[in-house]
Each structure stands twice: as C-alpha cells, then as structure tokens.
**Student:** 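I am attaching a structure below and will ask some questions about it afterwards.
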2 protein chains.
Amino acid sequence: MKTARDQLPMVLRAAYLALHRQSDHRFAEYGVTADQFVLMATLQRGEALTQRELARRMPSDPSTVRAMLVLLEKQGLIQRKTHPTDARARTVALTPQGEKLFQKLWQAGEPIRKQIQNSLPPGTIQDLVRLLQCVATGLKTDLHTDLETVS
Amino acid sequence: MKTARDQLPMVLRAAYLALHRQSDHRFAEYGVTADQFVLMATLQRGEALTQRELARRMPSDPSTVRAMLVLLEKQGLIQRKTHPTDARARTVALTPQGEKLFQKLWQAGEPIRKQIQNSLPPGTIQDLVRLLQCVATGLKTDLHTDLETVS
DNA sequence: CTAACTTCGTGCGTGTACGCATGAAATTTG
DNA sequence: CAAATTTCATGCGTACACGCACGAAGTTAG
C-alpha cells in the first residue's frame, strides 16, 4: 500500500505540470509562455531588480533567466540597463508595453485560478498554500549540505 | 492583499521546482535525472506499456518520453520491443539492471521524502496529497474545450 | 475490398531546467 | 595599494517541456 509520503512527489509533479500546460495554452495567444508570465509577475512587484535577484525570487537559475530576458527584450516587454552603482550588474524592469501586457495576462490567467478553486473543497486553498510553502522552504534549505548543518 | 488562490500557482511552482532540484542532485551520482526516475517508477508498476500509455501515466508528452527512452536504452536501463499484436506500437520495460538501479534510486530518494514529511505539520501529508490530486485532475479535464463542455 | 479516419512512433523546432567555465567588476585581505 | 576571493553576467552543453507534421499501421465506412 502506497503511503501518502511516497506518492506526494508524483502528485506534486502531476499538479504542477497540469498547471503549466494550462497556463501555456492560455498565454499562447499573447505570444508569451507560462514561465515568462512568472518572470513578468516577479518584475512587477519589485522595482529594478538585478538579474540575479530576479532569478532568486522566481525561483530559477540565473542562466535560465538570462535566456528568458533575451527573448523578452526582443519582444520589447522588458528592458535592461546597467546598474547605477555596480558596473557588472544589470537592472531589469518591465517596459510600459510589458506592464500593459501583464495586466492582460493576469486576466487571461483568471479562469485557471478559478478552475483550481472550483476543483478544491471550499476553504482549503489557504491550507494548500500553507502546506506547499512548507514543502518549498523545507526543500530549499538544503542544496550542498550533506551531513553538516543537519544536527 | 494577495489571496490564497492568487498565490497558489506560484507556490505550487516553487515547491515542484525545489523538489525537482533536490531529486536531480540526489540521483546524479547514479547517472539518472529526476524525470528518468519518474519514468522508471512508472514502468515498474505496469507491465509492458506502450510508449503512449507510458506518457499518459507519467504524465508527459509522447515525444518527450521518446527522447528519454532513447537515452535510457543507451544506458541499458530499459528495453523496447515491437508490440505483439500492434505493429506500429512498441512495448517498453525495465531491464534487470534497470530494476536493480531503480531499487537503489528509491533508497536514494528516501531522504527527500523524509525531509518533506519533516517540513510539514504532523498528519497533513495525506491532506496535501488529496488537495494536489484535486488540482491535477481539475486541470487535466480541460485542454481543448474552450466554451463547449462547460455547461 | 478500397477509402477515410484515427492512432503510434518519429523527427524537428522552441523555450525552460540546470551545471560548469570564463571574464569583468566589486569586495575582502594582507 | 596589490593580491586573493567573491559576485555578476555570459556562453556552452545536456535533458525535459511541449507543439506540429510526417509516414506507417490499425480501424472504420462505404
């Protein structure tokens, strides 16, 4: 018999991939992907982030974020300037078009959020968010610590 | 103020990506990825699946699964034979080495499952699994149905 | 039994997930 | 101040996430 803890990883994977697919389909007509939406949403809250800080908040890998920024810059949705005080860093921000498109994307994503809500027992979304936050932070703490830092 | 339903997608994403990273690191020393582990786990339960059926159960895209199978076959972990009755299909199964490696992988993944359990309030894993299943199935039902099938 | 349609696998293209290495700039040390 | 270390962005390579289109084989319709 499968215990809950044994099937959790698979279910988490299935839920995320389903969300990702739906989002990609919804956003396709606006010419952006689900992850580009996440990037734009992260930019929207948080002024003039460096690429590294942006990656940290997404969360994603800096080199991944860079590739996304190149594409988004080509579409005129974001802009990169050299950091005012740190010459090696670059600050990222949404362009006016980026801001405007993001508003539409947020609207376009509403049916998905609603569908999730309807799929869940009433009032359990809050619990789900809390539990997922526990999982995320619990797994984030590790990384290069194998035996140390555990005690 | 951010409602739970508005932040759920991001939190779900963060939790999954954290899990994926941890898994990749754990499995790296065995020469397989987190997703290859999922594929092998799916094969283990379910004898002689076609590639399509395997993709459906993962769940993943058939063309993605094909690419993974090519790599796993090169490593001798899985084997593909032509389907006995359907000439266009191919059945997939773990090789003995694949079976053996999977046992080790399951062990190697144990710390991750434990860490998740420890991150959560006692007895809530069951709830989390249930809620995630709701999300997954709720989002799976759609796909090409825009206005129809809704009524 | 052909003809139309569906289903399986494959191949190609794009975007995202990383890791690792490099060079430049900032920070810390001596 | 000069040297070692850290931090930023970039570039390259691999694996996964798809979609789309193709040919081959199975199924259904006439």
Side-chain angles (χ1 to χ4, degrees), chain A residues 13-14 16-40 42 49-56 58-75 77 80-92 143-144, chain B residues 13-14 16-29 31-40 42 48-56 58-75 77 80-92 143-144:
Chain A
R13 181 189 137 103
Y16 169 70
L17 288 178
L19 167 67
H20 197 267
R21 284 188 266 270
Q22 288 290 325
S23 304
D24 265 347
H25 288 161
R26 285 283 171 189
F27 298 146
E29 74 174 288
Y30 299 94
V32 300
T33 67
D35 299 281
Q36 288 171 353
F37 171 78
V38 171
L39 191 154
M40 293 174 75
T42 309
L49 306 171
T50 65
Q51 299 188 184
R52 207 127 194 138
E53 179 60 17
L54 175 58
R56 197 189 63 78
M58 292 207 30
S60 274
D61 193 83
S63 49
T64 302
V65 169
R66 178 197 178 281
M68 299 175 69
L69 289 175
V70 170
L71 294 177
L72 288 171
E73 201 165 33
K74 250 178 228 163
Q75 294 190 254
L77 298 176
R80 292 190 285 178
K81 303 178 188 171
T82 62
H83 189 96
T85 72
D86 192 337
R88 69 213 146 127
R90 308 181 67 174
T91 63
V92 189
L143 216 52
H144 297 293
Chain B
R13 179 188 139 103
Y16 168 71
L17 288 178
L19 168 66
H20 196 266
R21 283 188 267 269
Q22 288 290 325
S23 305
D24 264 347
H25 288 161
R26 284 282 172 191
F27 297 146
E29 75 175 285
V32 301
T33 67
D35 299 281
Q36 288 172 352
F37 170 78
V38 172
L39 191 154
M40 294 175 75
T42 309
L49 305 172
T50 65
Q51 298 188 184
R52 207 124 194 141
E53 179 61 17
L54 175 58
R56 198 189 62 78
M58 292 203 34
S60 274
D61 193 83
S63 50
T64 301
V65 169
R66 179 198 178 280
M68 299 174 68
L69 290 176
V70 170
L71 294 176
L72 288 171
E73 201 165 34
K74 250 178 228 163
Q75 294 190 253
L77 299 175
R80 291 189 285 179
K81 302 179 187 169
T82 62
H83 189 96
T85 73
D86 192 337
R88 68 212 147 126
R90 308 180 66 173
T91 63
V92 189
L143 216 52
H144 297 294

**Student:** For a quick check under 3.5 Å, do D61(A) and S63(A) share a side-chain donor-acceptor pair by atom type?
**Tutor:** yes
**Student:** Please report the interatomic distance NE2(H83(A)) to CZ(R90(A)), rounded to the nearest 0.5 Å.
**Tutor:** 13.5 Å
**Student:** Just the table, please: protein N/O against nucleotides 24-26 of chain C N/O, every pair under 3.5 Å.
**Tutor:**
from: dA26(C); atom 1: OP1; to: A87(A); atom 2: N; distance (Å): 3.1
from: dA26(C); atom 1: O4'; to: R88(A); atom 2: NE; distance (Å): 3.3

**Student:** Do R56(B) and T50(B) get their side chains close enough for a donor-acceptor pair, meaning under 3.5 Å?
**Tutor:** no
**Student:** When you measure only distances, ignoring hydrogens and angles, does the side chain of S63(B) come within 3.5 Å of the base of dG19(D) through a donor and an acceptor?
**Tutor:** yes
**Student:** Could you tell me whether the phosphate oxygens of dC8(D), OP1 or OP2, come under 4.0 Å of any side-chain nitrogen or oxygen in R52(A)?
**Tutor:** yes
**Student:** Please round to the nearest 0.5 Å and tell me the distance separating atom OG1 of T91(A) and atom CZ of R80(A).
**Tutor:** 10.5 Å
**Student:** Think H83(B) has a side-chain N or O under 4.0 angstrom from the OP1 or OP2 of dG9(C)?
**Tutor:** no
**Student:** Please identify each residue that fulfils ring-ring contact (aromatic ring centres under 6.0 Å, His included) with F37(A), with sequence neighbours left out.
**Tutor:** F27(A), F102(A)
**Student:** So, are R88(A) and D86(A) salt-bridged, with charged N and O less than 4.0 Å apart?
**Tutor:** yes
**Student:** What N/O pairs connect the protein and nucleotides 14-17 of chain D at under 3.5 Å? Give each pair on its own line.
**Tutor:**
from: dC16(D); atom 1: OP1; to: T33(B); atom 2: OG1; distance (Å): 2.8
from: dC16(D); atom 1: OP1; to: Q36(B); atom 2: NE2; distance (Å): 3.0
from: dA17(D); atom 1: OP1; to: R13(A); atom 2: NH1; distance (Å): 3.1
from: dA17(D); atom 1: OP1; to: D35(B); atom 2: OD1; distance (Å): 3.0

**Student:** Please determine if a side-chain N or O atom of R80(B) lies less than 4.0 Å away from the OP1 or OP2 oxygen of dT10(C).
**Tutor:** yes
